[in-house]
Each structure stands twice: as structure tokens, then as C-alpha cells.
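Notes follow once the structure below has been shown.
Letters A, B, ... are given to chains in the order of the sequence lines, protein chains preceding strands, and every chain is numbered from 1.
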Number of protein chains: 2
Amino acid sequence: MKQRLAAIGTVETLPHRVAAFMSREIESGELSPGARLPTEQELSEKFGVSRNVVREAIAQLRADGMIEARQGIGAFVLAPQQRASIRIDREALKDTNNMERLFELRCILEAESAALAAARRSQEHLDAIKTALDRMGGEERWEDGSIDADLLFHREIARATGNSYIHTFISFVCEQIRQSIHYARLTNPLHDLVEVNVGEHVRIYEALVAGDPAAAEAAMRAHIIGAANRVGVRLPLARGERADGGR
Amino acid sequence: MKQRLAAIGTVETLPHRVAAFMSREIESGELSPGARLPTEQELSEKFGVSRNVVREAIAQLRADGMIEARQGIGAFVLAPQQRASIRIDREALKDTNNMERLFELRCILEAESAALAAARRSQEHLDAIKTALDRMGGEERWEDGSIDADLLFHREIARATGNSYIHTFISFVCEQIRQSIHYARLTNPLHDLVEVNVGEHVRIYEALVAGDPAAAEAAMRAHIIGAANRVGVRLPLARGERADGGR
DNA sequence: TCTAATGAAGTTGTAGGATGATATGTATAT
DNA sequence: ATATACATATCATCCTACAACTTCATTAGA
């Protein structure tokens, strides 16, 4: 677990800093889509680094689909819709409002995925889910190991949908939330709520075993709303049940 | 529009190929999390490229959170959960099965988001959505401009949820599907189905205007299932309604 | 003997220059 | 006027060298 901390706090390398700077320039609109970037040599002079560093920075931005380089011409800013990847800024995770949004997104993804998983799960899937569930309940306190098991439980359900994209997306969102909580925590321990948490998981698992999509979806929705509450995020109802009709 | 074609067909650069190779090695498990990568020199010999190219490749993998490099020690494979980004392989988009999975994911995301949008949309949101809708209907054929308007319509709805993450995710998935269709198409034109498509969009819009979450969700779900069918993907029911109880 | 300082070797990080490949515009020759 | 050849600009790749950092063995000293 310390390793992970160290990984997060990795020192900023020069290419990374250059890439971050250029990335901000693009995000902020100073460099609009279609615009041509300065040449590598100009950039290396501007930032006071070698051309090598500039190229590594550009390699990152290129991998993200943020810019496109054409030999003999130059590098150009691409439209946001052409991005090849989704990345969430670490800094933004510290904002509670963003955590609320993340939970909302997670609820949308996982609730319906739970229904899919209930309809499609194989015995092998159920076993994997059960294993994670047991590991979670095994810990008497809400420790890191328990959190890992919790995430694994959710990832295994996502895997049971048979849709690798769903698995990827849910894994990603959950991991973002984990890190977000990691920042926010340290002040409010929530150990005594373990039984509640485990109980919610058991209900999800039972619905999956029963192969009842509607029950699985409902249980998952209740769980995520509960989990959000437990970390101090009041989830503003993610379903149409609200039906206040806008205004 | 030709530009985008050119962008997609960009030649594979050497660092990109090396990064793709190493990425596959990691994904496939040949290099498990925690394992140390060969030194840059060894890699440059293995691939027959300069150390510079290897470094650019590593820069990409590092940006993705796939590996971590420590000066004086080496580079190490990180656990999948520590990935900092989601990326979808372009090659995978050509597989029809993957397109089916993408549509399923999209359905999950957009259906519920439509409900959220119906409950939260402001007049400004509605105007933006209406503008996109008009632009879509303006074209008498199903051309690229119309597709752009279509995507914009969906993105504006996502924006109306007030949740930037939802907007980001939906934009991303839609764009992936667009490119996926781009590959698969050229053989089966689907121009004559425009009215159907526009009609579905109108129903969604009307539900948003009425501020009716349930109706918006249903309309969106019907639309995406329809859109999938129109490109030859039979969506295997994304809701619990199936309720076949597993097996 | 044990401890601490020293130093050598290995690895990533950065710098700088040289050459190849590609696109663009210009000048020349037919 | 058109087409070819050339010059230029830019990215792509390669090469060498050195700096910064880590690890481990060696050695000096108590």
C-alpha cells in the first residue's frame, strides 16, 4: 500500500511537466483545434529543455489523441471529440462535488450492469464474486485489504456481464473513487459501518445467484447510494423515480 | 472531413509500434504487475531501434499509468487498477462483436442520463439540443454533417445532466462508435432510414421538454436499440425486462 | 568484529548534434 | 504553361555523452 502512495507521489519528470503545460494550453483554448503548434525546436527553446524532452512530451499528448504530428509539416491540435482516451485529473478528485458526480456515474453504470450480470452470469462468475465477498467479510475492520476486496467484488460483477468495455469503465470509475476517498479520508473513519456494507453486498450477490435482474439492479442501486452516504456524499437520486418534472 | 480520415489513417510511428507491442505484453499477462521491464538499452536492442524511440514508447505507457519508471532502478509494470486512463484500441473497433458491446455500454450510459437530463435541463440546454436536432433534420440524406449533428445532439443531452464526467464518458463512447461505423460502412448505405432516426430523436427531445424522466429514458433506450439495428447490430436487450432468470 | 564512509557499476533522465524522410514552395527548362 | 528539379522546413530516427539516482561491494576506522 505504501508503494501505491509512492507511485502517486512520483516526482514530476521534465517531459511530464512540459506535456502538462501544453495540455493546459489546449484545454484552456489558448490553442484551439486545428491550430499548429510551434516547431519542436521552438518549443525546446521556449521551455529551456532539449528537443528530446519535447518529443517525449509530444509523444504523450499524441497517445491521448490531443495532438497529431505530421512529418514535414508540424503538429496540430485535434478536436476534443477525437481524443483517444479518457483521463481524470488527480487534482479534480479532491473536490467533493466531483466525488458526487463520480458516484452518480458509477451508479448509472453499475446498476444496470448488475441486471445484465444477473441475466448472464455463469457459475464460474458466481464463484469469483463469492470469493471476493468472503474476503471482504473476513476483515473485521474497514481496512485497505477490505477495500481491495470490495472493488474486486464490483469488478467481478462487471466481468460477469461478458462485456469487456463495461468491465473497463466500471473498473476505472471505481478506482477513481477509491483514490478520491483516499484523499478525503484520514479524518472520518467509517469502521463501524462494515456490517451495513457487507449486508448490502450480500443482497446483491443473492440477486445474482437467483438470476433476478430487477432485484440485482435495485440492490446495486441501494448499495451505491448507501456507500456514497457513508463517505459523506448525498447522491441526488439517479433515477427517474424523482419525477419532479423539471420545472 | 477528409482531415479526419487522414488523422485516422496516420502512419504508425516507431515509438507507437513499440508501445503497442509492450502494451500487449502487459495486457496478456506476459509481464505481470510488479515485474521489472528490461532496461532501455536491452529494449532498444530487442526491437532494433534507438534508445530514444524506446523512451518515447515508455513515455506513452507511463502517461497511461501502465508502467512506472524510477530513476536509477528501472521501470515496473503497474496493476491494471492503477491505470490513469481508458483507451480503446482502434483495431478492436473493426470487430462487430465489439461494436455490439459498445452499443450496449452506450445504452446503459445514455438511457439513464436522459432521465437525469429530463429532470435537470435548463432552457439553455433545451435550446442547444433543439439546435442540434434541427441541424440533423435539415440534411435530407444521412451524410457526415448529419452524423456530426447527431453526435452533438447526444452530447448536449449529456451536458444537460450537469455532470461533466457523464458528458466525457458519453462523448467518448459515441465517438468510438462513430469511428467503428466508419470502418464497417461504405458497403451498406442507410440513407432511407433518416426519417425513422429523426423521429426517434424528436421523441427524446419532447420528453426532455416535458421534463419526464421515465419517458426520456424509454425514448433514448428505444433510439439506441434502433440505431444499433440500423447498422446491423442486434442489441441483446440491455435491461432486466428480459428476466429469463439466468439459465 | 562491527559500523560507517567510500566508490564502482548499473539505470534512468537530459542534452546536443547528425542524418533520413516527407511536405511545400520556388526556380528552371522544355 | 506545364513539368521537372531543387531548396527549405519540419518531423522521425539515431548516436554519443553526461548527470542524477540507486544498489551493492569494498574499505577504513573504532
### Message
Contact between B:R62 and A:T13 at the side-chain level, heavy atoms closer than 4.5 Å - yes or no?
### Response
yes
### Task
Whole angstrom is fine here: how far is it from CD in B:E45 over to P in C:dG10?
14 Å
### Task
To the nearest Å, give me how far apart CZ (A:F47) and P (C:dT14) are.
14 Å
### Task
Choose from D:dC11, C:dG13, D:dT22 the nucleotide whose nearest atom is closest to any side-chain atom of B:I73.
D:dT22
### Summary
Which of D:dA12, C:dT11, D:dC14 is nearest the side chain of B:T39? It is C:dT11
## Note on the structure
Of D:dT23, C:dT14, D:dC15, the nucleotide closest to the side chain of A:V53 is C:dT14
### Query
Less than 3.5 Å between a donor and an acceptor, one on the side chain of A:N52 and one on the base of C:dG13, is that the case here?
no
### Message
Taking 4.0 Å as the cut-off, does a side-chain nitrogen or oxygen of B:R70 come that near to OP1 or OP2 on D:dT22?
### Response
no
### Query
Tell me: CZ of A:R55 to C1' of C:dG17, nearest whole Å?
15 Å
### Task
Examine D:dC14: is either OP1 or OP2 under 4.0 Å from a nitrogen or oxygen in the side chain of B:S50? Give yes or no.
yes
### Message
D:dT13, OP1 or OP2 - any side-chain N/O from B:T13 closer than 4.0 Å?
### Response
yes
#### Entry: OP1 or OP2 of C:dG13 under 4.0 Å from side-chain N/O of B:R62
yes
### Task
Step by step, work out the side chain to side chain donor-acceptor pair (under 3.5 Å) result for B:R101 and B:N98.
CA-CA 5 Å; B:R101 297 197 184 96; B:N98 280 328; 2.7 Å; yes
### Query
In whole Å, what is the span from the CG atom of A:L14 to the P atom of C:dG16?
12 Å
### Query
What nucleotide among D:dT10, D:dC15, C:dT11 has an atom nearest to a side-chain atom of B:R36?
C:dT11
### Message
Assess, by modelled atom type and distance only, whether the side chains of A:S28 and A:E30 contain a donor and an acceptor separated by less than 3.5 Å.
### Response
yes
### Message
Looking at B:E27 and B:R24, is any side-chain nitrogen of the basic one under 4.0 Å from a carboxylate oxygen of the acidic one?
### Response
no
### Summary
Between CD of B:E56 and P of C:dT12 the distance, given in whole Å, is 16 Å
### Whole angstrom value for the distance that separates P of C:dA15 from CD of A:Q41
14 Å
### Summary
The nucleotide from D:dC14, C:dT14, D:dT13 with an atom nearest the side chain of A:R51 is D:dT13
### Message
Nearest whole Å is fine: how far is C:dG10 C1' from B:L43 CG?
### Response
15 Å
### Query
Quick one: does B:R87's side chain have a donor or acceptor within less than 3.5 Å of a partner on A:A63's backbone?
yes
### Message
Whole angstroms only, please: what is the CD-C1' distance between A:Q60 and C:dG13?
### Response
14 Å
### Message
On DNA chain C, compare the nucleotides closest to A:G72 and B:I58; which residue's is nearer the 5' end?
### Response
B:I58
### Query
Does B:Q71 get its side chain close enough to the base of D:dA20, under 3.5 Å, for a donor-acceptor pair?
yes
